[in-house]
Structures are given as structure tokens and as C-alpha cells.
Colleague: 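Please read through the structure below; I'll follow up with questions.
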Amino acid sequence: MSRTRSRAVVPDQACVAAVDLARAAVEENVKPEQVGDHLGVEGEGDRVVTHYFACLDRAYRGWRWAVTVARASRARNVTVSEVVLLPGAGALMPPQWVPWSDRLLPGDLGVGDLLPTSDDDDRLAPGFTETTDETDHQMIFEYGLGRARVLSPIGRDRAVRRWHSGESGPHTPLAHAAPAQCSTCGFYWPLAGALRTGFGVCANEYAPDDGRVVAADHGCGAHSEAAVLPHQVEPASPILDDLSYDTAENPENGPEPDLAGSVDETASEPLGHS
């Protein structure tokens, strides 16, 4: 097996010497003060050479003017083929173009905006290709008014991962502080089909996820079976019952009265004595 050899291009000397012609071609398009020093030449082919000039425009720092000149076979005159502005080393370049479908983020769709899906979107599949039980039931139910495409297993798997790892999943501070999971809540409305065991819709108007898809192991403080805190009642001050006993003076403040003598004298008097 023989190795293919590439013949080195020998720059045409007449084209190499056409520096002034190349500079004049650039100055026809821009101001002369925007054209800098001659940076060199590069052979492109037989009797085809590209001259490079520094670009002094402040908006294109690091760029360079490229002027391609050529000479016809057996001709003496050199002519200009094209003049372009090319980036050089350290040139300021625009960011790499990203398709709009890759730049779009959740929540970017506004009122009146349209978001078309491509024909080869792997999240969707033709309705007749789905063979699962829940899809067959869905196709029978929508007979005559069925959708052209339905959710594919790939699209369903992506939705499950996105929902389970998002704000309505189990790995959030709200779910960790919840008294119980959404699967045991009376306001939890399970989805139909294959997602029934893992996801549902919150139907509690006081919950932060009302009307949203939540994971079965998600949770919040608005759980239907959350324990009711007992009513806190401040203890009242004690009531002194002074009708069932007699008051007595403190011995330190004065002589203690003779309670026994008072009782005997009162008891010795007959009832009804005037």
C-alpha cells in the first residue's frame, strides 16, 4: 500500500510581490487608517496567494484582513479575487450559536408565544406505536378524536425524574418538615395510568402546591391528617376561699387571742338568754 504524497504549494512570486495591490483592495472598503502592517502571505494553490494585513479597527481587535490575489496561466497581471476579514490569534469572537430549543428554559414561554416540537422529538411517539395497557385504553377512549402523538417512554421517564427531583419532590425542606407524605393525604389526587403509583395532584387550596403535580413521597404542613394542636389556656390566679376558716394574727405582731376561752364563754350561755 503506497502512501499518498501531497505536493507542497510553491507561492507564485508575482502574486507574492503584489502587496500594494492587496492593500489598495482593502482600502477601497475601509478607511486607510484601519489597515495595519503586512503580516505575511500564504500560498493557496497554483498562482493563488493570500496576503494578510493587521486590522486596526478597535471593534475588531485580533482580526486581520485577508486579500486573495491570483494570476492566470501565462498572464503577467495579478488580479484581486476576494477581500475578507478573518479572526486571528486572540480575536474577540461571538459565543457559539446554540439552537433555540437548547436555550429555552422552563418558564420562558409567555402569553401568545408558540413552542413547536420537531417531528423527531424523542419525548413523543405516534399514538399507534404505543402498546401498553393504559395507552390502549386511552386510544379506545379517544377513538375518532385521538391525538396524533402521545407521550413516549423516554418523555415519561424524563418527566418522572424532573418532577421527583424538583420542588414538588421529596428532597426539599418543605417535605422534610411535613408531618406525613402526600400519599396519605386526603387532598392527594393520584394520576391515571402508569404514573398513578408515584405522582398525583394536590387539591388543597391552602397548600403551596395546590393544583400542581406532586410526588407521592412529597409533603407539606397542610396534610389532611396533621395533628391538631391543643388550645393553650393561660392558668388563672388561685381563688382564696375565706369563708371556711377564721383569720388569726401572727404571734410576731402581737399576743395570740385565747380562742379556747372565747369558745367556752359562748358555749356556756343558754340559747335564747337575753
Colleague: Can you list every pair that meets salt bridge (Lys or Arg N to Asp or Glu O under 4.0 Å) and has a residue in residues 157-178, with sequence neighbours left out?
Modeller: D122-R158, D157-R161
Colleague: May I ask whether Y188 and V160 are part of the same hydrophobic cluster, defined by side-chain heavy atoms of I, L, V, M, F, W, Y residues being less than 4.5 angstrom apart, directly or through others?
Modeller: no
Colleague: With a cut-off of 3.5 Å and sequence neighbours excluded, list every side-chain donor-acceptor pair involving residues 206-219.
Modeller:
from, atom 1, to, atom 2, distance (Å)
D209, OD2, H218, NE2, 2.8
D217, OD2, H164, NE2, 3.3
H218, ND1, G169, O, 2.6

Colleague: According to a 4.5 Å side-chain heavy-atom criterion applied to Ile, Leu, Val, Met, Phe, Trp and Tyr, with indirect links allowed, do V80 and V26 form part of one hydrophobic cluster?
Modeller: yes
Colleague: With the 4.5 Å side-chain cut-off for hydrophobic clustering, are V48 and V16 part of the same group?
Modeller: no
Colleague: Is the distance between the ring centroids of W163 and F199 under 6.0 Å?
Modeller: yes
Colleague: Can you get from L39 to V69 by hopping between Ile, Leu, Val, Met, Phe, Trp and Tyr side chains that sit under 4.5 Å apart?
Modeller: no
Colleague: Quick check: closest heavy atoms across V41 and V49, and the distance to 0.1 Å?
Modeller: CB-CG1, 3.8 Å
Colleague: Parallel, tilted or perpendicular: which describes the rings of H51 and F53, with under 30° parallel and over 60° perpendicular?
Modeller: parallel
Colleague: Quick check: is L86 connected to V67 through a chain of hydrophobic side chains (ILVMFWY, heavy atoms under 4.5 Å apart)?
Modeller: no
Colleague: Once you round to the nearest 0.5 Å, how far does CZ of R23 lie from CG of D37?
Modeller: 7.0 Å
Colleague: Please check if the side chain of W63 supplies one atom and the backbone of L92 the other of a donor-acceptor pair under 3.5 Å.
Modeller: yes
Colleague: Mind checking the CD-CZ spacing from Q34 to R58? Nearest 0.5 Å is all I need.
Modeller: 10.0 Å
Colleague: Hey, could you give me the OG/CZ distance between S81 and R71, rounded to the nearest 0.5 Å?
Modeller: 13.0 Å
Colleague: Run the side-chain donor-acceptor check on residues 171-186: report pairs under 3.5 Å with partners two or more places apart or on a different chain.
Modeller:
from, atom 1, to, atom 2, distance (Å)
T172, OG1, A175, N, 3.3
H176, NE2, P170, O, 3.2
T184, OG1, Q181, O, 2.9
T184, OG1, H223, NE2, 2.9

Colleague: What are the two closest non-hydrogen atoms of A25 and V83, and how far apart are they?
Modeller: CB-CG2, 3.9 Å
Colleague: Is a donor on one side and an acceptor on the other found under 3.5 Å between the side chain of D57 and the backbone of Y60?
Modeller: no
Colleague: Show the nearest heavy-atom pair for residues A194 and R156, with the distance to one decimal.
Modeller: CB-NH1, 3.6 Å
Colleague: Take atom CZ of R103 as the centre, draw a 6.0 Å sphere, and report whether it contains more than 12 heavy atoms from other residues, nucleotides or ligands.
Modeller: yes
Colleague: Would you compute the distance between atom CD of E27 and atom CG of D20 and round it to the nearest 0.5 angstrom?
Modeller: 9.5 Å
Colleague: How close do M93 and P87 get, counting heavy atoms only, and between which atoms?
Modeller: SD-CB, 3.4 Å
Colleague: Measure across E44 and T50 and return the closest heavy-atom pair with its distance rounded to 0.1 Å.
Modeller: OE2-OG1, 3.0 Å
Colleague: Drop me the distance from N204's CG to W189's CH2, to the nearest 0.5 angstrom.
Modeller: 14.0 Å
